[in-house]
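Throughout, residue positions are numbered sequentially from 1 according to the sequence presented. This structure is a prediction, so every number in the text was calculated from the model and none was measured.
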Amino acid sequence: DKGNYTEALRLLNKSKEMGYDSGIYLKSSYFSIYYKSGNYDLALGMLNDISLDDLSENSLVWWNDQFLYTNVALKNWSDLIIISDKLISQYKLDPDASGYSLNLEFLKDNLDFIFNVFDSYTTSLSKIGKYEKAIKLTDKFLKIGKALENNLIIETAYISNGKYKILTRDNLGALQDINEYIKISEDLSIGYKIRGEAKLNMGDAYSKYACEDFNLALEICLKNEDENEQKGEKSRRENSKREGRKRKEMVGRGCWRLCR
């Protein structure tokens, strides 16, 4: 926990030399050390060395969760698409499937895992330019959010689809999704920034309105140093304060270029 991974590894090796060999716990501890120290190949190898037949249902969810995180860290986009698709089938996460209904209790108990499955899948698709398929997956994620009445899932789906639709040049569709996001999270800057990008892409006639959104995004950013924490969101990509400052710089530069 203190980041002293060399010492942690030494102690773990020592306990193994002394006869401690609680297979799953020992291997999961090695995995944690390798993953947190950035040795993702070793971390993935340790996960693959764990026998899935020995895992409880909860432990299997944990294993799949870490498997996704590690493959994201390794940028194994093609593998992640296959893995995520299998997990959606395995855990019955497709709201459009005809053969089963969503298990709402499982979804509520494993929200972080559900986020990770869809985020890993759509991120991987976007990395290889398959934005249309990413939009379809995000639509499914949105349906899950509505079934659970979970605003965090709903707003995440809307903002994600807004970004993907901009990349497919469906700027009008992006505006519709981002407006839905803003209805839920009007106190966050990112919606106005992305809406400004969509308007900017629609031509000179919309640049004035894009500028208004960029200015509003900057104003909100300057007010909210830690807007992610204020919404109760858990940042999965480290150091939200640094990201907040980066957003301010990016929005500020956009406003300066357009609105000076």
Side-chain angles (χ1 to χ4, degrees), residues 68 72 77-78 80-81 83-85 87-89 91-97 102 104 107 111-203 206 209-210 212-214 216-217 220-221 227-228 231-237 240 243 247 250-251 254:
L68 290 171
V72 168
W77 309 126
S78 296
L80 277 163
I81 290 170
I83 295 163
S84 302
D85 192 59
L87 290 175
I88 286 176
S89 177
Y91 287 99
K92 300 180 178 180
L93 304 179
D94 185 352
D96 299 324
L102 293 174
L104 297 184
L107 296 175
L111 283 177
D112 288 345
F113 175 59
I114 308 306
F115 261 96
N116 197 10
V117 171
F118 279 91
D119 181 54
S120 298
Y121 203 163
T122 55
T123 297
S124 299
L125 289 169
S126 69
K127 290 293 184 180
I128 62 173
K130 294 189 175 183
Y131 305 119
E132 295 287 355
K133 189 169 182 179
I135 290 169
K136 291 179 180 178
L137 261 295
T138 308
D139 283 338
K140 294 179 185 292
F141 190 48
L142 177 60
K143 290 178 181 178
I144 290 176
K146 289 182 176 179
L148 294 174
E149 298 181 342
N150 184 300
N151 276 348
L152 182 55
I153 292 179
I154 293 170
E155 68 179 23
T156 301
Y158 276 130
I159 198 70
S160 297
N161 260 359
K163 293 176 183 178
Y164 296 139
K165 287 180 181 179
I166 287 174
L167 292 169
T168 63
R169 299 183 181 180
D170 180 10
N171 293 297
L172 183 58
L175 284 178
Q176 293 171 340
D177 282 328
I178 296 165
N179 283 336
E180 292 299 320
Y181 170 86
I182 291 173
K183 288 179 184 178
I184 301 171
S185 297
E186 62 180 6
D187 56 335
L188 295 182
S189 65
I190 188 66
Y192 303 101
K193 178 182 180 294
I194 295 176
R195 191 170 69 179
E197 292 172 358
K199 290 176 181 177
L200 192 62
N201 290 340
M202 295 171 73
Y206 292 87
Y209 306 107
E212 290 173 354
D213 275 337
F214 287 138
L216 186 53
I220 293 172
C221 251
E227 61 180 35
N228 282 340
K231 285 293 290 183
E233 297 178 11
K234 292 192 294 185
S235 173
R236 294 169 48 193
R237 311 293 185 214
S240 59
E243 291 302 316
R247 280 200 302 275
M250 290 169 63
V251 174

| query | Are the side chains of Val72 and Thr123 in touch, meaning some heavy atoms are under 4.5 Å apart? | reply | no
| note | Taken to the nearest 0.5 Å, the spacing of Ser126 OG from Lys163 NZ works out to 9.5 Å
| Between atom NZ of Lys146 and atom CD1 of Ile153, what is the distance when rounded to the nearest 0.5 Å? | 12.5 Å
| task | Looking only at non-hydrogen atoms, find the nearest pair between Leu102 and Ala147 and report the distance. | result | CD1-CB, 4.4 Å
| request: Could you go through the side-chain contact (heavy atoms from CB on, under 4.5 Å) check for Tyr164 and Thr138 one step at a time? | output: CA-CA 10 Å; Tyr164 296 139; Thr138 308; 3.7 Å; yes
| How far does CD1 of Ile81 sit from OH of Tyr121, to the nearest 0.5 angstrom? | 7.0 Å
| said: Could you go through Asn171 and Lys165, starting from their C-alpha distance and side-chain angles, then the distance that decides it, and tell me whether this counts as side-chain contact (heavy atoms from CB on, under 4.5 Å)? | reply: CA-CA 6 Å; Asn171 293 297; Lys165 287 180 181 179; over 6 Å; no
| request: State, with a plain yes or no, whether a side-chain heavy atom of Leu175 is found less than 4.5 Å away from one of Met202. | output: yes
| task | Taking the side chain as every heavy atom from C-beta outward, state whether Phe115 and Thr156 have any pair of such atoms under 4.5 Å apart. | result | yes
| field | Ser160 side chain near Thr122 side chain, heavy-atom distance below 4.5 Å | value | no
| Arg195 CZ to Tyr209 OH distance, which is reported to the nearest 0.5 Å | 12.5 Å
| 4.5 Å side-chain heavy-atom contact, Tyr91 and Leu107 | no
| field | SB check Lys193 Glu197 (cutoff 4.0 Å) | value | yes
| field | Close side-chain approach of Leu188 and Ile220, heavy atoms under 4.5 Å | value | no
| message | Once rounded to the nearest 0.5 Å, what's the spacing between atom CG of Leu137 and atom CG of Leu142? | response | 12.5 Å
| said: To check you understand the geometry: which heavy-atom pair defines the closest contact between Asn161 and Asp177, and what is its length? | reply: CB-OD2, 3.5 Å
| field | Where Ser189 and Cys221 come nearest, the two heavy atoms and their spacing | value | OG-SG, 3.3 Å
| Leu68 side chain reached by Leu87 side chain, heavy atoms, under 4.5 Å | yes
| said: Quick check for you: to the nearest 0.5 Å, what is the distance between Leu80 atom CG and Lys127 atom NZ? | reply: 11.5 Å
| task | Search all heavy atoms of Gly196 against all heavy atoms of Ala210 and return the closest pair with its distance. | result | O-CB, 3.3 Å
| said: Tell me if the aromatic rings of Phe118 and Phe141 count as close, with their centers under 6.0 Å from one another. | reply: yes
| field | Heavy-atom side-chain proximity of Ile178 to Ile182 below 4.5 angstrom | value | yes
